[in-house]
Amino acid sequence: MTLKQNKNLKLYYSIKEVAQMFNVSESLLRYWETEFPTLRPKTTPNKVRQYSEADIKQVRNIHNLLKVRGFKIAAARKMINKNPTTVDKSADILNTLISVRDELKDLKKQLDSLQ
């Protein structure tokens with residue numbers, strides 16, 4: 001039996017990598033950890049944060065609510081605690097819409113360059 005492995009998939013990401021994914025500062029991620037009990041990355045004995053895919057999903061939800069949709073922290077925390085599956089679906093839909101928008105912008109640029 002062969003095991004298929006995705007070589008691009010990492011088990012853990014550094015705080016720097018996660019900050020770059022969402023274009024936020026590392027200190028903001030640390031602050032979000034204090035405000036959102038669901039966000040708890042693993043820490044090594046040297047206090048180095050290691051974000052799993054599940055942690056990154058939490059960061060994506062928090063980023064979506066705070067930075068994209070403009071929620072206040074208390075409202076975002078309440079929404080995540082009350083309706084976590086709704087928040088997940090909403091973030092997925094928003095990410096899909098953003099990627100479609102970006103593709104449409106690229107197509108428009110290509111069409112404009114032909115004229």
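Keep in mind it's a predicted model, so treat the numbers as computed, not measured.
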Handout entry: Nearest-0.5 Å distance that lies between atom CG in Leu66 and atom CH2 in Trp32
Key = 5.5 Å
Problem - Student check: side-chain heavy atoms of Thr44 and Gln50 closer than 4.5 Å - result: yes
Practice task
Kindly state each residue pair satisfying ring-ring contact (aromatic ring centres under 6.0 Å, His included) with at least one member in residues 96-115, sequence neighbours excluded.
Solution key: none
Fill in the blank from the handout: The complete set of salt bridge (charged side-chain N to carboxylate O under 4.0 Å, His left out) pairs with one or both residues in residues 46-55, sequence neighbours excluded, reads Glu33-Arg49
Handout entry: Separation of Ile56 CD1 from Tyr13 OH (nearest 0.5 Å)
Key = 5.5 Å
Problem - Minimum side-chain heavy-atom gap Phe71-Ile80 below 4.5 Å - result: no
Residues 18-30 side chain polar contacts: donor-acceptor under 3.5 Å, at least two apart:
{"unit_1": "Ser25", "atom_1": "OG", "unit_2": "Ser27", "atom_2": "OG", "d": "3.1"}
{"unit_1": "Ser25", "atom_1": "OG", "unit_2": "Leu28", "atom_2": "N", "d": "3.1"}

Completion exercise
Sorted by chain and number, sequence neighbours left out, salt bridge (charged side-chain N to carboxylate O under 4.0 Å, His left out) with Glu35 holds for Arg77
Practice task
Apply side chain to side chain contact (heavy atoms under 4.5 Å, CB included) to Ser14 and list each qualifying residue two or more places apart in sequence or on a separate chain.
Solution key: Lys16, Glu17
Name every donor-acceptor pair, under 3.5 Å, that has one atom in a side chain of residues 101-112 and the other anywhere in the protein, sequence neighbours excluded.
{"unit_1": "Lys108", "atom_1": "NZ", "unit_2": "Asp112", "atom_2": "OD2", "d": "2.9"}

Practice task
With rounding to the nearest 0.5 Å, note down the distance linking NZ in Lys42 to CG in Leu11.
Solution key: 9.0 Å
Handout entry: Side chains of Leu39 and Tyr51 in contact at under 4.5 Å (non-hydrogen atoms)
Key = yes
Problem - Partner residues of Lys78 under the side chain to side chain contact (heavy atoms under 4.5 Å, CB included) criterion, sequence neighbours left out - result: none
Practice task
Quick one: pull up OG1 in Thr38 and CD in Gln58 and give me the separation to the nearest 0.5 Å.
Solution key: 3.5 Å
